[in-house]
Undergrad: 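Quick one: the structure is below, and I'll ask about it shortly.
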Amino acid sequence: DGCVRAVQTVVDEGLAHPILIGRPAVVALHAERAGLRLRAGRDFELVDPESDPRFRRYWEAYHRLMAREGVTPEMAKAMLRRSNTVIGAMMMHLGDADAMLCGLVGRYEAHLEHVEAIIGRRADAPCLAALNALMLDKYTLFITDTFVNENPSAEQLAGIALMAAEEVHRFGLPPKVAFVSHSMFGSSNRPSARKMRAACELFRKLAPDIEADGEMPGDAALSEEIRSRFLMESTLTGTANVLVLPDLDSANILFNVLKTTGGQGVTVGPILLGAARPAHILTPSATVRRVLNMTALAVAHAGAAARAG
């Protein structure tokens, strides 16, 4: 019921014109069970995977995209019947929707595969990546890469950090980037420490005007005083707000621990970085508040994309 509750708020506040993909009876049941006033056709557009009149247009376009990936016409038809994410991505691909949220049901990786295949990456994006934001009592932190790249290279991490910094700019904050490691400015020569050191150096070349430093432990990322004990002239001042972690496990664990222990802090994400169009993959644990936050973010991204032409 969380999805339809979020849609009711989106409608009430005029955030967007929602499009729901699902069977009419199921959507109506969830709305009724939640005691909502929602009505398809009046408050939102409803796409029925079993009988939408655009079905032929969608599966034919999907087949054209995927024909050389082993997808036959019959497989394309079946995919458009069973995957709401594929339908949503095709709506964006064909201009019938401006942004997409998915992922409340199923595995993140399965949704990601469809987004990458249909929507694709920005021309300047080295890869797709996920960014999660936490607004805590003392800190506002953006953590990456929480869901996409299992063990990114130094080159990928530098590119991910640049995309994350761009996103932080959109939040109206000056990005301050820390490349986080067990190592403090060369204290370790293990492969992961060398990777984070190289990633920081590459990032500085990509974005010389953005404050950044590394490699450093998490406490040093948040404390200029700790950094000053080891390095008199750090290229990062104050508290970092973008934490670039060495791999998916460390980023995801850090985010979830902080989310759980950080009191009533607001969380936003996962924000998908690098996609050609605004598409974000949520998780089954997403609350109504998180869905609303991501809806507002997707609307902002779609507006920015429209202005950019």
Undergrad: If you measure from the Lys or Arg side-chain nitrogens to the Asp or Glu carboxylate oxygens, is any gap between K176 and D213 under 4.0 Å?
TA: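 D213 and K176: not salt-bridged.
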
Undergrad: Answer yes when R121 and E116 have at least one side-chain N-carboxylate O distance shorter than 4.0 Å, and no when they do not.
TA: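 Judged by the 4.0 Å cut-off on N to carboxylate O distance, R121 and E116 do form a salt bridge.
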
Undergrad: Walk me through it: do T267 and L258 pass the test side-chain contact (heavy atoms from CB on, under 4.5 Å)?
TA: CA-CA 10 Å; T267 62; L258 290 177; over 6 Å; no

Undergrad: I'd like to know whether CG of D98 has more than 12 heavy-atom contacts from other residues, nucleotides or ligands below 6.0 angstrom.
TA: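 For D98, atom CG is not crowded (no more than 12 foreign heavy atoms under 6.0 Å).
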
Undergrad: Between D96 and Y58, is the side chain to side chain donor-acceptor pair (under 3.5 Å) condition met? List the steps.
TA: CA-CA 11 Å; D96 293 341; Y58 287 171; 2.7 Å; yes

Undergrad: Atom CD of residue position E150 - does it have more than 12 heavy atoms of other residues, nucleotides or ligands inside 6.0 Å?
TA: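 Check fails, neighbour count at 12 or below.
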
Undergrad: Can you tell me how far the CD atom of E60 sits from the CE atom of M90, to the nearest 0.5 Å?
TA: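 Here the interatomic distance stands at 10.5 Å.
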
Undergrad: CD1/I119 to CE/M100 distance, rounded to the nearest 0.5 angstrom?
TA: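 With rounding to 0.5 Å, CD1 (I119) is 4.0 Å from CE (M100).
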
Undergrad: At what distance, to the nearest 0.5 angstrom, does CG of L245 lie from CZ of F179?
TA: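 If we round to the nearest 0.5 Å, L245:CG and F179:CZ are 11.0 Å apart.
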
Undergrad: NE2/H93 to OH/Y62 distance, rounded to the nearest 0.5 angstrom?
TA: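 Here the rounded value is 11.5 Å.
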
Undergrad: Got more than 12 heavy atoms from elsewhere within 6.0 Å of CD, E224?
TA: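 Yes, CD of E224 has more than 12 neighbouring heavy atoms, counting only those of other groups under 6.0 Å.
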
Undergrad: Output the distance between atom CD1 (I210) and atom CD (E166), rounded to the nearest 0.5 Å.
TA: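 Nearest 0.5 Å value for the CD1-CD distance: 7.5 Å.
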
Undergrad: With side chain to side chain donor-acceptor pair (under 3.5 Å) as the criterion, how do E211 and T237 come out once you've worked through the C-alpha distance, each side chain's angles and the decisive distance to 0.1 Å?
TA: CA-CA 7 Å; E211 286 192 35; T237 62; 2.7 Å; yes

Undergrad: Check the angle between the aromatic planes of H301 and H280 and answer parallel, tilted or perpendicular using the 30° and 60° thresholds.
TA: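 Answer is tilted, since the angle falls between 30° and 60°.
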
Undergrad: For the atom pair CG (N151) and CG (L248), what is the distance rounded to the nearest 0.5 Å?
TA: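 That separation rounds to 9.5 Å.
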
Undergrad: Using a strict threshold of under 4.0 Å (side-chain N to carboxylate O), is an ion pair present between R37 and D12?
TA: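 Salt bridge present between D12 and R37.
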
Undergrad: Kindly say whether the aromatic ring centers of Y108 and F147 come within a distance under 6.0 Å.
TA: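 Yes; F147 has its ring centre under 6.0 Å from that of Y108.
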
Undergrad: Is any NZ, NE, NH1 or NH2 atom of the basic residue among R204 and E201 found under 4.0 Å from an Asp or Glu carboxylate oxygen of the other?
TA: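 No, this pair does not count.
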
